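Okay, so here's the structure we're looking at.
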Amino acid sequence: MSADSATDSNRYKATIHLPATDFPMRGDLPRREPDMLARWEDAGLYAQIRAQAQGRPAWVLHDGPPYANGAIHLGHAVNKVLKDAVVKSRLLAGFDAPFVPGWDCHGLPIELAVEKKFGKVGDKLDAAQFRAKCREYALQQIDLQRRDFKRLGVIADWEHPYRTLDPAYEAGMLRALATIIERGHLARGVKPVHWCFDCGSALAEAEIEYQDKQSPAVDVAYPAKQPQALAAAFGVAVPEGALVAVPIWTTTPWTLPASLAVSVGPELDYVLVEGPRTGDGRRRLLVLAEALAAPALQRYGIDDVVVLGRARGIALEGQRLQHPFYDTPACAREIPILLGDHVSAEDGTGAVHTAPGHGQDDFVVGQRYGLVDKYPAAELNPVDGRGVYLPSTPPAGDTALAGTHIWKANAAIVEVLRGNGTLLAHATITHSYPHCWRHHTPVAFRATPQWFIAMEQAQLRRDALAAVGEVDWIPDWGRARIAGMVEGRPDWCISRQRTWGVPIALFYERESGEPHPDTPALMRRVADLVERDGVDAWYALDPSALLGADAARYEKVTDILDVWFDSGVSHACVLAQRPQDRLHKPAELYLEGSDQHRGWFQSSLLTGVAMDGVAPYRQCLTHGFTVDAQGRKMSKSLGNGIEPQDIIKTLGADILRLWILSTDYRNEMSLSQEILKRTADAYRRIRNTARFLLGNLNGFEPARHLVAPADMVALDQWIVHRAYGLQQKIAAAYARYDFAEVVQALSNFCSVDLGALYLDVTKDRLYTMPEDSAGRRSAQSAMYRVAEALVRWIAPILSFTADEMWGYLPPAPGDEKRGGNVLFATWYDGLAPLGEDAPLSAADFERLLVLREDVAKVLEPMRAAGQIGAALDAEIALHCNAADRDWLAPLADELRFLLISGDVRIVADAAATDIAVLATATDKRKCVRCWQHRADVGSHPQHPQICGRCVSNVDGPGEQRHWF
């Protein structure tokens, strides 16, 4: 550029209206977000939002309580951010959406943490002191987690959460249990439950996880007491003294001391076959399911299946067998053959050793045949709570079992079987086995006296399955999943033999074991005491205070309630108890990880149906779990974990939120440093768009300058139309919790509609036209409307950035000063679709955008070849037929602004079917002010370096724009 050109360029610099805003280019989120968070807290933002929402219809998302132990991890962050986005989007949709967070505070992990410091109950602390320390620990953990949840930008009633350790909540649990008992759902009995030897307690179904375990797999022969009778069932006669046996296959030899029967399938086909000879060479016949005979005999070293006879399982009922090692005068146990529908021909032998004290199916069969009542508890379940055989357990042969841990007993029992000739096969297998979710150690079924919510009493299972059908499950496969779980689940064992929890505050008669007939009323009286004095009131209570002279006949229960009951009745303890917060049940939504079909969703469903006959929620939404880029579960051992605190510290909470809400959370959610980098790039595109909009609103006062949509330039009408359509799409996506679609649509709008088109095209109008000209105010009006919509669209996702942007927007008409928060607002109502009388229709713009792409395809090779530097250096000729010419002719003078090119000519071509684009490098002089090449540059004596329209914009009335 010559010295004169530079001088003239500087001369006009003050006439160019470049963007200006204090909204920072760099987010600097780790530094700015804490300041915004402090401002929210100082202002009492949650209370302000609730005040603004008064009078709107209430919409409740009920928070499933995280456990109050340890710092939050990525899964916690995913869950709370998803909930926060739901609540904020419902606020913007015009609802009053309260959000009361909660914490699950009782249970074993807190007990273990306190035990680690103070020892078990009775070591240094009595039970009341121990509970006090548990409470103190839980409250400390809540404070730590609450701080991190707030830092995520989650807006909630943090000062008034619900906590399952609060006396009012604990009392509510007892009142809920009283109602459940009143409606006939409580049962007491000796039943097999999952038992963790490390916990020393029964476990709920939700506390079980399956892991691979190595176990001994043994085939054991149960000799027939009357071989001729058993063989006769197959139509086979055998001589006196013949050996006939029924083999069973098991991976738990330790349960054989509790073996009371052998079950066969009533409809299965069985065969009597030649088996392996005994150690002393005697012939032995075996009873096997026909479908399993060949593989079983191969395990026993026999290749040929010699079938002597066939019979259905039902024909074997009542036959008598001998226990494989309890066959001495001191301990002789006769084993009946029973029929069991659980027996299949999938694996094993087709006969199942039955220990009612150590298996649910076994228990059902044993109960049906009276074995459960026939045998004393010590024979039904000879294993104590530590996993050790009771002192009364008879030896296996010459091997003592009393005092031996069951896992160690496996090998000893196998050797006993080998020694007495009943061991037919032995192998070690790896199989999926239930483990304690806390200790990751194998669990066992143990029959113990427990309290249950019975699934069949008062039709609870039937009613729960019916309630499942009334709920909207998202994704919809959740319905079949939870229905299958409810259909197949055993009775819910709600009792735990621990210290830190809510006691099952009832009395049962010592003789019969039955609860007191006035239990619901008594329990409600106890609840009143607990609400006043806490759970210690139960332990300190003298039964005579409630039962009078009857107290001597009754025992006070000291077991505590399963923690899944604690959280499962939150609908009764929170939703039904806080109408002042506009909470209600059923809640509109429960939202948790997919593991909660087995956990909180199910415990809430069962208690809700048991109390009210309906589910406590209308919708249930599940999210997946976080994995690394290779799909591996994040863990410390793999070193692939990414902590939310680290992301916030380096990138900011809004980047973490954007990743969560741009991911398909219904499946596994992959995260890596590379994914975070891409997320940060996506954030910058959105921020830059917001900054450009705000920068071009400098000096714009909506109350004075806002142009009505119908009076705006055509391109401005179109972008508002696009924003209107996008808002409909975004609001609908938020309504169905499809946050990834929101982010994708928003990013596409910022990059394509705004970045690559509208903002690029309107720069000329914004920068070069007079400040108060109609064309410039039109563009600002469109940008203002888009910005007002954009700040709302991003608010549920980029909460800090939306709040920051809100403060830089010009005040809306009628407001002296923009204040408050974007969450006081609802979806922006200043957008409008193109009207029927719009100068260009949506279809017209679609055609123009295609034309713009066609022009770019012609100019790009010219730029690559060095024929032109930028599109402004090219002149365009559009060859078209009469119809296209008539359509384009009114636009001809302004098409160069849409195409960001030199002059555009419309050339009639009767033979043209499509618009043909021809381009040449311009030879016209370049205006130093607008950079366009125009023939009239130099024609004005006072302004020799600028074009005629710039002269008009600087010294004259200003140009007029209608289209672009």
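The structure displayed is predicted, hence computed values, not measured ones. The basis for the numbers below is simple: all heavy atoms, side chains too, and nothing from hydrogens, waters or symmetry mates. Starting from 1, each residue takes its place in the sequence as its number.
Interatomic distance, I655 CD1 to I660 CD1, rounded to the nearest 0.5 Å: 11.5 Å. The CG atom of L848 sits 6.5 Å away from atom CG of L840, with the distance rounded to the nearest 0.5 Å. From D654, atom CG reaches atom CD1 of I797 across 10.0 Å, with rounding to the nearest 0.5 Å. L878 CG to D854 CG: the interatomic distance, rounded to the nearest 0.5 Å, is 9.5 Å. Once rounded to the nearest 0.5 Å, the distance linking CD1 of I876 with CZ of R896 reads 12.5 Å. The distance from atom CG of L591 to atom CG of D84, rounded to the nearest 0.5 Å, is 11.5 Å.
Taking the side chain as every heavy atom from C-beta outward, K926 and V937 never approach each other to under 4.5 Å. A 4.5 Å side-chain heavy-atom check between Q619 and Y590 finds every atom pair outside the cut-off. The side-chain heavy atoms of L757 and V752, taken from C-beta on, include no pair separated by under 4.5 Å. A 4.5 Å side-chain heavy-atom check between R785 and P709 finds at least one atom pair inside the cut-off. For the pair N696 and K763, the minimum side-chain heavy-atom distance is 4.5 Å or more. Annotation: side chain of L693 is in contact with side chain of L759 (closest heavy-atom distance under 4.5 Å). Looking only at side-chain heavy atoms (C-beta outward), L706 and F700 come within less than 4.5 Å of each other. Side-chain contact between H705 and E771 is absent, with no heavy atoms from C-beta onward closer than 4.5 Å.
Partner C947 forms a side-chain contact (heavy atoms from CB on, under 4.5 Å) with one of D936, T768, N953 and no other, that one being D936. Tested against R961, the residues D764, T762, D893 include a single side chain to side chain donor-acceptor pair (under 3.5 Å) partner, D764.
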field: R618 vs D472, salt bridge (charged side-chain N to carboxylate O under 4.0 Å, His left out): CA-CA, chis, key distance, verdict
entry: CA-CA 6 Å; R618 292 190 172 96; D472 181 17; over 6 Å; no
task: May I have the step-by-step check of side chain to side chain contact (heavy atoms under 4.5 Å, CB included) for R852 and R847, ending in yes or no?
output: CA-CA 9 Å; R852 195 168 185 267; R847 292 180 67 191; over 6 Å; no
Intermediate values then yes/no, side chain to side chain contact (heavy atoms under 4.5 Å, CB included), I474 and R666: CA-CA 9 Å; I474 308 169; R666 294 175 176 122; 3.8 Å; yes
task: Carefully, step by step, assess F99 and I155 under the rule side chain to side chain contact (heavy atoms under 4.5 Å, CB included).
output: CA-CA 8 Å; F99 186 50; I155 306 297; over 6 Å; no
task: Begin from the C-alpha positions of I675 and S670 and carry the test side chain to side chain contact (heavy atoms under 4.5 Å, CB included) through to its verdict.
output: CA-CA 8 Å; I675 291 171; S670 297; 4.1 Å; yes
field: Candidate pair R685 and D681, rule salt bridge (charged side-chain N to carboxylate O under 4.0 Å, His left out), full reasoning
entry: CA-CA 7 Å; R685 285 194 292 274; D681 290 341; 5.8 Å; no
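Under 3.5 Å, the side chains of N748 and S751 contain no donor-acceptor pair of N or O atoms. In this model, no donor atom of one side chain and acceptor atom of the other lie less than 3.5 Å apart for S89 and Y737. For the residue pair N821/D803, the side-chain donor-acceptor check at 3.5 Å is satisfied. Under the 3.5 Å distance criterion, with hydrogens and angles disregarded, a donor-acceptor pair is assigned to the side chains of R657 and S799. Of the N and O atoms on the side chains of Q727 and W793, at least one donor lies less than 3.5 Å from an acceptor on the other residue. Neither side chain, E804 nor Y808, offers a donor N or O lying under 3.5 Å from an acceptor on the other. Side-chain contact of T15 with R929: a donor-acceptor pair under 3.5 Å is present, judged by distance alone. For the residue pair Q945 and Y12, no side-chain donor N or O sits within less than 3.5 Å of a side-chain acceptor on the partner.
The number of heavy atoms from other shown groups lying within 6.0 Å of CD (Q744) does not exceed 12. Other residues, nucleotides and ligands contribute more than 12 heavy atoms inside 6.0 Å of the OH atom of Y767. Sparse packing is recorded around NZ of K729, with 12 or fewer heavy atoms of other residues, nucleotides or ligands lying under 6.0 Å away. More than 12 heavy-atom neighbours from other residues, nucleotides or ligands sit within 6.0 angstrom of CZ on R39.
When all heavy atoms of H933 and L872 are compared, the pair lying nearest together is CD2-O, 3.1 Å. Nearest heavy-atom pair across L91 and T826 is O-CG2, 3.9 Å. Scanning both residues, V87 and A97, for their nearest heavy atoms gives CG1-O, 3.4 Å. Across P839 and W963, no two heavy atoms sit closer than the pair CB-CZ3, 3.5 Å. Nearest approach of Y784 to P813, heavy atoms of both residues: OH-CD, 3.7 Å. Heavy-atom minimum distance, A812 versus E788: CB-OE2, 4.2 Å.
Proximity of a side-chain donor or acceptor of E875 to a complementary backbone N or O of D903 within less than 3.5 Å is not detected. With hydrogens and angles disregarded, a donor-acceptor distance shorter than 3.5 Å links the side chain of R687 to the backbone of P24. Within the 3.5 Å criterion, the main-chain N or O of I868 finds no donor-acceptor partner in the side chain of R863. In this structure, T21 contributes its side chain and G695 its backbone to no donor-acceptor pair below 3.5 Å. The backbone N or O of G902 sits nowhere less than 3.5 Å from a side-chain atom of T922 that would complete a donor-acceptor pair. Judged by distance alone, with hydrogens and angles left aside, the side-chain atoms of R934 form no donor-acceptor pair with the main-chain N or O of R925 at under 3.5 Å. At least one donor-acceptor pair under 3.5 Å links the side chain of D716 to the backbone N or O of A779. Remark: side-chain polar atoms of H940 are not paired, donor with acceptor, to backbone N or O of I946 under 3.5 angstrom. Not a single donor-acceptor pair under 3.5 Å links the side chain of R722 to the backbone N or O of D753. The backbone N or O of D96 sits nowhere less than 3.5 Å from a side-chain atom of R56 that would complete a donor-acceptor pair.
The residues R736 and E741 are annotated as salt-bridged, a charged nitrogen and a carboxylate oxygen being separated by less than 4.0 angstrom. We find that R776 and D772 are not joined by a salt bridge, their nearest charged nitrogen and carboxylate oxygen being 4.0 Å or further apart.
Here F845 and H721 keep their ring centres 6.0 angstrom or further from each other. Side-chain rings of F800 and W40 approach one another, their centers coming within less than 6.0 Å. Checked against the 6.0 Å centroid threshold, Y758 and W718 do not count as a close aromatic pair.
With a 6.0 Å cutoff to the six-membered ring centre and a 45° limit on the axis angle, R792 does not count as a cation-pi contact of W827.
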